[in-house]
Amino acid sequence: MGDVFGELIGQERAVETLRRAVVGGRHAMTHAWLFVGPPGSGRSNAARAFAAALQCPDGGCGRCEQCRTTLSGAHPDVTLVRTEQLSIGVAETRAMVASASVAPVRGRYQIVVVEDADRVTERGADALLKGIEEPAPRTVWLLCAPNPDDVIVTIRSRCRLLKLVTPSDDAVARLLVERDGIDPALAAHAARAAQGHVGRARGLARSEDARIRRHEVLTLPTKLGSLSDCLVAAQNLVSSANADAEEICVPLEAREMASLQEALGIGGKGTRKPRHAQAAVRDLEEEHATRRKRIARDSLDRTLTELTALYRDVLALQTGAGAALINQDLVDVIEPLARRGSPEKTVHVLDRILETRTKLEGNVAPQLAFEALLVGIVRG
Ligand SMILES: [Zn+2]
């Protein structure tokens, strides 16, 4: 612990590369980086820690003003681009390039962190490419994406790749104990259940509610009997995902709408608005709908991840592979499922889960996709 890299658990190689860059050895530093790694490996945390270390006079002490303001998002020379939208278009990208070209006022560098570089549209990428190809002398770009292939090749090829890995269960558990003061047994359980996803592990360790939800999802297959069970269960999953999205989005939406109205100089509902204002309000409402959909989909995606882990465990028992179970705590649920089916059927269910994920990405109505999945599970 201690310095800004302390929380990047299980990422020793990446941290070493970043430390060398901060010290600024020959060829160690470059002005464009692409942070890649599986969900939960901490791409944006790593990028932010690197930004702090670059600004800090002591290479990322974690205590000085440069470090603290960078990590909290308040540093005037560090722009954090996080997007709740599905894509980053040309206007937003131009704004990034503009802020990147300004000389730093307080820090050593002008840094732009783009958390979802995989969401930059093709036209956006043209604008971004200009910024990366012709950087101002003190500008540093830190792009983040799940995979290098997710980023448009012309951009990717100009960035130095920094690969993060899935941290081990032990490393995640240790972090929960040391930093969040979680009980060691609970930390170990949460780390294992989250399969290397640090944020998810923390959520499970801290929230009883999250643990109950996980338990409900994982015991679902044993409770499904009839067709109508499947339809009801699918509906419950979808409505709880929508409720998640609502909880996150409603306060954000209110804030954003209020500031848009203020910027446009228009009042609340009922007053007559000029046409350009109506269009701007409509655009924002559309963005809001898209964001809600995306967050609900993330929640459903988590459900699929949990079901995948469950059936991997079932398969492990059926094939006697002897591998440790991911959901050790649910061995009472997993054993009967394993006895009831065959490895072939389990593989078939795993395929169906994968198919469901593809359907969701392809914008099939979630309700239909989950109905089909659950019916498939029941019929084996
Ligand atoms: Zn510092």
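Each ligand, and each atom within it, is numbered from 1 in the order the structure gives. As a basis for the values below, the full set of heavy atoms in this structure was taken, side chains included, without hydrogen atoms, waters or symmetry mates. Note that the numbering runs from 1 along the sequence shown for the chain.
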Subject >> Residues that Glu285 engages under side-chain hydrogen bond (donor to acceptor under 3.5 Å, both in side chains), provided they are two or more places apart >> reply: none
Subject >> Pairs involving residues 102-111, ordered by first then second residue, that meet salt bridge (Lys or Arg N to Asp or Glu O under 4.0 Å) (sequence neighbours left out) >> reply: Glu65-Arg106
Original post:
Which value, rounded to the nearest 0.5 Å, describes the distance between Gln11 atom CD and Thr17 atom OG1?
Top reply: 11.0 Å
Original post:
Near Lys359 NZ, under 6.0 Å, is it more than 12 heavy atoms from other residues, nucleotides or ligands?
Top reply: yes
**OP:** Take the Zn ion (ligand 1) as the centre and count protein N, O or S atoms at distances under 2.8 Å.
**Re:** 4
Subject >> Summary of ring-ring contact (aromatic ring centres under 6.0 Å, His included) pairs that have at least one residue in residues 186-228, sequence neighbours excluded >> reply: none
**OP:** Answer yes or no on whether Arg43 is positioned over the face of Phe35, meaning its NZ or CZ is under 6.0 Å from the six-membered ring centre and within 45° of the axis.
**Re:** no
